[in-house]
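Atoms considered below: every heavy atom in the structure, side chains included; atoms not considered: hydrogens, waters and symmetry mates.
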Amino acid sequence: MKKTVNILRTLFIASVGIAVVVAALYELDILPSGVLADRPQDEFLCTIAMELVTIVFIPIALRLFKTKDVDRRLDEGDIKTFKTWSIVRILMITVPLLMNTLLYYIFMSTTFGYMALILLICLPFIYPATRK
């Protein structure tokens, strides 16, 4: 179990680390900011898509282990199931976080920045820990 939790923590930290590195690259002007700022149609479509993904993924990720099927499998003590569902849960928060970070700097739209902040607030609730 300890090995599984360490793997999950590594995935968690690496995923957040990638988003931080992307933000640092844009903030240090290594990557150009606002390259698609003059394309409002593309920004609108990306905004709608990311709003839907963010709004849907947050409650699902936070309540994933409370669903009947997953809860039953976890009670059986299957480590593979725990690892699989934990990876899904982490990715449901960190992938939209990375996408919102990228889209914020590509379009320079605060909407994506706010969604990334909301996802950052959700991160402590999915941090991999052992039961005591």
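- The minimum heavy-atom distance linking C122 with L62 is given by the pair O-CD2, 4.3 Å.
- A continuous path of ILVMFWY side-chain contacts below 4.5 Å connects V35 to L28, so both sit in one hydrophobic cluster.
- Note that CZ of R9 and CD1 of I90 are 10.5 Å apart. Values are rounded to the nearest 0.5 Å.
- In this view, F57 satisfies the ring pair (Phe, Tyr, Trp, His ring centres under 6.0 Å) rule with no residue, not counting sequence neighbours.
- Looking at every heavy atom in both residues, S33 comes nearest to M108 through CB-SD, 3.8 Å.
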**Study point:** Derivation of the side-chain contact (heavy atoms from CB on, under 4.5 Å) call for I106 and Y26
**Key:** CA-CA 9 Å; I106 289 172; Y26 278 106; 4.0 Å; yes

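- One distance of note links NZ of K80 with CH2 of W85; it measures 15.0 Å at 0.5 Å rounding.
- Heavy-atom neighbours of R39 CZ from other residues, nucleotides or ligands within 6.0 Å: at or below the threshold of 12.
- Atom CD of E43 sits about 10.5 Å away from atom CG of L45, to the nearest 0.5 Å.
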Exercise for review: Using the side-chain contact (heavy atoms from CB on, under 4.5 Å) rule, take Y105 and L25 through it: C-alpha gap first, then chi angles, then the decisive distance, then the call.
Suggested key: CA-CA 10 Å; Y105 286 106; L25 290 174; over 6 Å; no

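- A distance of 10.0 Å separates CG in L120 from CD1 in I93, rounded to the nearest 0.5 Å.
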Exercise for review: Go through M50 and T111 one step at a time and tell me if the side-chain contact (heavy atoms from CB on, under 4.5 Å) criterion holds.
Suggested key: CA-CA 10 Å; M50 290 311 298; T111 305; over 6 Å; no

Exercise for review: Determine, stepwise, if the pair T94 / L98 fulfils side-chain contact (heavy atoms from CB on, under 4.5 Å).
Suggested key: CA-CA 6 Å; T94 57; L98 178 60; over 6 Å; no

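- Under the 4.5 Å side-chain criterion, counting only non-hydrogen atoms from C-beta, Y114 is not in contact with N100.
- Annotation for F107 and A37: closest pair O-CB, 3.8 Å, computed over non-hydrogen atoms.
- Between L97 and A116 the shortest heavy-atom distance is CD1-O, 3.4 Å.
- Going from atom CD1 of I60 over to atom CD1 of I55 covers 12.0 Å, rounded to the nearest 0.5 Å.
- Taking all atoms of both residues into account, the shortest heavy-atom contact from F12 to I126 is CE1-CG1, 3.9 Å.
- With values rounded to the nearest 0.5 angstrom, F125 atom CZ is found 10.5 Å from R89 atom CZ.
- Across T47 and M115, no two heavy atoms sit closer than the pair O-CE, 4.5 Å.
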